[in-house]
There are 2 protein chains.
Amino acid sequence: MKTPLPTDLKGDLDAIVEAFLYLYTESRRLTKEIAARHGLTGPQLTVVKMLEALGELPLSRLSEKIRAQNSTVTGIVDRMEREGLVTRARSAADRRVVHIRLTEKGAALAREVQVEPMDIFREALEALTAEEARTLLRTLRKVARRVEMLVEAATEAEAK
Amino acid sequence: MKTPLPTDLKGDLDAIVEAFLYLYTESRRLTKEIAARHGLTGPQLTVVKMLEALGELPLSRLSEKIRAQNSTVTGIVDRMEREGLVTRARSAADRRVVHIRLTEKGAALAREVQVEPMDIFREALEALTAEEARTLLRTLRKVARRVEMLVEAATEAEAK
DNA sequence: GCCGAATGTTTCGCACAGCAAATTTCAGCC
DNA sequence: GGCTGAAATTTGCTGTGCGAAACATTCGGC
């Protein structure tokens, strides 16, 4: 710690966590609302946008991207396929893998929903000055690096 | 804008969103993992810690705190009551309201799980200087206010 | 003191998310 | 060919989450 000032740093940290949680849950709630307006659920909107950005993807790749298990994603894709939003196609190169791709209907929907997840958050960020944004980014990155370290330490401790 | 530098502000904002999401999902994943280690789910751990900090709470108050509907919280409390972690008690003052309180078992569990939700995030925040923390807080608050405004604007537009 | 509105909670029905374990199909290797 | 491991799916289960409706209670007004 460079500046040990123990003033009411603790209070500040609590407040940061609170603000952070507010921002996240609110952004997420809105995303869900937008998704619902188009007959989608939150995760489904995420998938649609992911596929729009990256083109077709093996299911496993998709699972990694949205941080879920294959079996979970299988279910999500099932429901989306049922709605005619995506198609499955076995890979010619490796017939174990299944490529997920947007249908025309899915692609149209993706274009229609111009809002990306977390968009309201992004929009709110525009109230910041460039200076503030840069500082915020630097700070968040610092915190992120620290989280990474803590995570590593934790997983190592587990592999005791 | 004090510093109009429109350099690659957009890129910065994207990076902020990314870092933000990383921090959230990672913190949440860890919280869930810790909760699971003690036979709890994520929301249940949140409730336990909330009650530990605030004492008994009306169910509605609890719902607000964890940002969920009453009907959702009823379910969560049901399961926790089944496990003997909390009790319900009708208020004497207003017999409509139900106070949720930790049982001895619940309180013991709360003491045992010293980690609060988002704790790893909080821990990572300690890598910041007091100065940085204060700036971060100020910036997040600003963004939060902006989100609030956007939310209000959106809900008003809906009530057209 | 009664009535209608408001408040707090629960019930019900529903759909999705999410996981683990077991299974199937396939690729690559010896 | 037989083995091992990877990719995806199936199955079975639990929890989350919501909205609508039901219910009890309280409160405000008259």
Side-chain angles (χ1 to χ4, degrees), chain A residues 24-26 28-48 50 56-83 85-101 117, chain B residues 25 28-48 56-83 85-101 117 158:
Chain A
Y24 180 83
T25 59
E26 204 56 21
R28 177 160 178 169
R29 201 177 60 71
L30 288 174
T31 298
K32 212 170 154 183
E33 212 175 287
I34 291 167
R37 208 170 298 158
H38 296 273
L40 295 176
T41 63
Q44 286 174 8
L45 177 55
T46 307
V47 168
V48 164
M50 194 78 77
E56 71 176 25
L57 278 181
L59 187 137
S60 327
R61 214 67 41 224
L62 200 51
S63 303
E64 286 167 19
K65 290 280 180 192
I66 72 176
R67 302 182 143 262
Q69 301 297 325
N70 281 346
S71 57
T72 300
V73 177
T74 294
I76 294 173
V77 170
D78 279 350
R79 289 179 285 271
M80 294 179 70
E81 198 177 15
R82 195 176 63 207
E83 299 299 325
L85 297 174
V86 299
T87 54
R88 286 177 156 97
R90 289 220 101 89
S91 160
D94 182 338
R95 298 227 309 275
R96 288 171 304 181
V97 354
V98 171
H99 291 284
I100 316 295
R101 180 191 319 198
Chain B
T25 58
R28 178 157 177 172
R29 201 177 60 72
L30 288 174
T31 298
K32 213 168 154 185
E33 211 175 287
I34 291 166
R37 209 171 297 158
H38 296 273
L40 295 175
T41 63
Q44 286 174 8
L45 177 55
T46 307
V47 169
V48 164
E56 72 176 24
L57 278 181
L59 187 136
S60 329
R61 214 67 41 222
L62 200 51
S63 303
E64 286 167 21
K65 290 280 181 192
I66 72 175
R67 308 191 138 260
Q69 300 296 328
N70 282 346
S71 57
T72 299
V73 176
T74 294
I76 294 173
V77 169
D78 280 349
R79 288 180 286 271
M80 293 179 72
E81 199 177 16
R82 196 177 62 206
E83 298 299 323
L85 298 174
V86 299
T87 55
R88 286 176 156 97
R90 287 219 101 89
S91 160
D94 182 340
R95 297 224 312 274
R96 289 171 303 180
V97 355
V98 171
H99 291 284
I100 316 295
R101 180 190 320 196
E158 238 158 276

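To find a chain, count down the sequence lines: A is the first, B the second, and so on, and within it residues start at 1. Just so it is clear, the values below take in all heavy atoms, side chains as well, and ignore hydrogens, waters and symmetry mates.
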To check you understand the geometry: which heavy-atom pair defines the closest contact between A:Ser63 and A:Asn70, and what is its length?
OG-OD1, 2.8 Å
Could you pull out the protein-nucleic contacts involving nucleotides 25-29 of chain C (nitrogen or oxygen on both sides, under 3.5 Å)?
| unit_1 | atom_1 | unit_2 | atom_2 | d |
| --- | --- | --- | --- | --- |
| C:dC26 | OP1 | A:Arg95 | NH2 | 3.4 |
| C:dA27 | OP1 | A:Arg95 | N | 3.3 |

Taken in chain and number order and not counting sequence neighbours, the residues that satisfy salt bridge (Lys or Arg N to Asp or Glu O under 4.0 Å) with B:Arg96 are B:Asp94
When you compare the side chain of B:Met80 with that of B:Val48, does any pair of heavy atoms fall below 4.5 Å?
yes
Mind checking side-chain contact (heavy atoms from CB on, under 4.5 Å) for A:Glu83 and listing every partner two or more places apart, or none if nothing turns up?
A:Leu85
Could you work out, with salt bridge (Lys or Arg N to Asp or Glu O under 4.0 Å) as the rule, every residue matching A:Glu81, not counting sequence neighbours?
A:Arg88
Once salt bridge (Lys or Arg N to Asp or Glu O under 4.0 Å) is applied, do any residues pair with A:Arg79, and if so which ones, sequence neighbours excluded?
none
Length of the CD1-P vector between A:Ile100 and D:dA7, whole Å
14 Å
For atom CZ of A:Arg61 and atom P of D:dA6, their distance in whole Å:
13 Å
Return the value, rounded to whole Å, for the distance between atom CG of B:Asp78 and atom P of C:dC12.
11 Å
Work out which heavy atom in B:Ala35 is nearest to a heavy atom in B:Gly42; give both atom names and the distance.
CB-N, 4.2 Å
Looking at every heavy atom in both A:Leu59 and A:Val73, which two are closest together, and how far apart are they?
CG-CG1, 4.0 Å
Please tabulate the protein-to-nucleotide N/O contacts below 3.5 Å involving nucleotides 15-18 of chain C, giving atom names and distances.
| unit_1 | atom_1 | unit_2 | atom_2 | d |
| --- | --- | --- | --- | --- |
| C:dA17 | OP1 | A:Thr41 | OG1 | 2.8 |
| C:dA17 | OP2 | A:Arg79 | NE | 3.3 |
| C:dA17 | OP2 | A:Arg79 | NH2 | 2.7 |

Find the distance B:Met80:CE to C:dT10:P and express it as a whole number of Å.
14 Å
Base, sugar-phosphate or nothing for B:Arg88? Non-hydrogen atoms, less than 4.0 Å.
sugar-phosphate
